[in-house]
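The next block holds one structure in the form of structure tokens; read it before the comments.
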Amino acid sequence: MKFTKMHGCGNDYVYVSGFQETIEDYPAMARKVSNRNFGVGSDGLVVILPGTAGDFRMRMFNPDGSEAEMCGNAIRCVGKYVYDKGMTREKVVRVDTLAGLKVLELTEEDGTIAKVRVDMGEPVLDPVKIPVASDAQPVLAEVVEASGRSFPFTCVSMGNPHAVTFVEDTDAFPVEEIGRQVEVDAKFPRKTNVEFVQVLDRETVKMRVWERGTGETLACGTGACATLVACVLNGKTERKATVRLLGGDLFIEWDEATNHVFMTGPATLVFEGELHV
Ligand SMILES: N[C@H](CCC[C@H](N)C(=O)O)C(=O)O
């Protein structure tokens with residue numbers, strides 16, 4: 001099976017064209033390719049298929065085989081993939097996802113796509129739709145216990161669920177210990193991605209993420225969007241800010257007029273390969 005290895009800020013996926021390859025069991029293939037010893041090694045599997053409302057369709061699977069509604073770092077790489085491989089000559093590309101139709105603006109440098117701006121749509125703040133067991137809307141401080149400590153979470157969905165909490169020092173924070181407990185807390189019926197945020201100033205934050213079905217990754221695009229929304233809702237930043245992740249920076253805007261969140265960041269090709277399946 002031919003595949004392409006790409007990353008967005010170090011959040012790396014194995015990309016497979018559904019136009020060329022047929023995968024019988026997506027969850028099993030995701031578990032196989034993600035394994036860093038027995039497979040390719042990645043944060044999951046992304047499959048590019050013909051679109052219905054959009055020009056293309058993206059399906060994304062975590063290393064545990066679970067399918068996510070949306071993946072911000074991956075969709076930027078999908079934009080790069082379809083343009084660089086000549087599947088489109090358009091610089092505006094529409095991609096169907098389980099979180100709805102997303103519109104991408106591609107920026108070309110030296111003949112290939114290096115940066116992509118994605119309209120991530122409106123953040124979902126209704127606890128029923130996130131979903132999270134809470135009576136508040138927006139959910140600004142839903143307390144979750146972990147390791148005998150109480151953490152207040154701001155909960156936002158970007159199509160996939162996110163729980164955001166603010167910490168003094170992300171570098172020193174026990175992300176794995178706390179993240180793995182919050183991910184599966186009973187308050188989140190579909191589990192959750194967990195973001196730990198250190199506010200540096202009103203236009204810059206640092207964030208580390210424990211991803212649902214994955215573990216800690218170097219970056220999370222939907223998580224960066226949820227982080228900016230949480231920062232604005234809690235009065236901590238402006239509506240435009242740089243989210244500094246372990247693997248790189250993403251620029252996030254929550255546009256007041258449209259209520260849409262926009263994410264701008266890199267998309268990088270690492271290698272092409274063939275997997276013996
Ligand atoms: N683990 C996530 C999917 C990948 C999201 C992340 N890698 C991104 O860039 O948005 C979930 O289960 O919702």
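Read the numbers this way: they start at 1 and go in the same order the structure lists the ligands and their atoms. The figures that follow rest on heavy atoms only: side chains count, while hydrogens, waters and symmetry mates do not.
- Side chains of Ser134 and Glu142: a donor on one and an acceptor on the other come within 3.5 Å.
- Ser150 pairs by the side-chain hydrogen bond (donor to acceptor under 3.5 Å, both in side chains) definition with Glu145, not counting sequence neighbours.
- Qualifying side-chain contact (heavy atoms from CB on, under 4.5 Å) partners for Thr112, counting only residues two or more places apart in sequence or in other chains: Lys80, Asp84.
- Screening residues 239-272 for ring-ring contact (aromatic ring centres under 6.0 Å, His included), with sequence neighbours left out, gives Phe3-Phe271.
- A heavy-atom cutoff of 4.0 Å around ligand 1 is satisfied by the protein residues Asn11, Tyr13, Met60, Asn62, Ala68, Met70, Cys71, Gly72, Asn73, Asn160, Asn193, Glu211, Arg212, Thr214, Cys220, Gly221, Thr222.
- Counting only heavy atoms from C-beta outward, the side chains of Thr88 and Asp55 never approach each other to under 4.5 Å.
- Thr217 and Asp43 are not linked by any side-chain donor-acceptor pair at a separation below 3.5 angstrom, with hydrogens and angles left out of the test.
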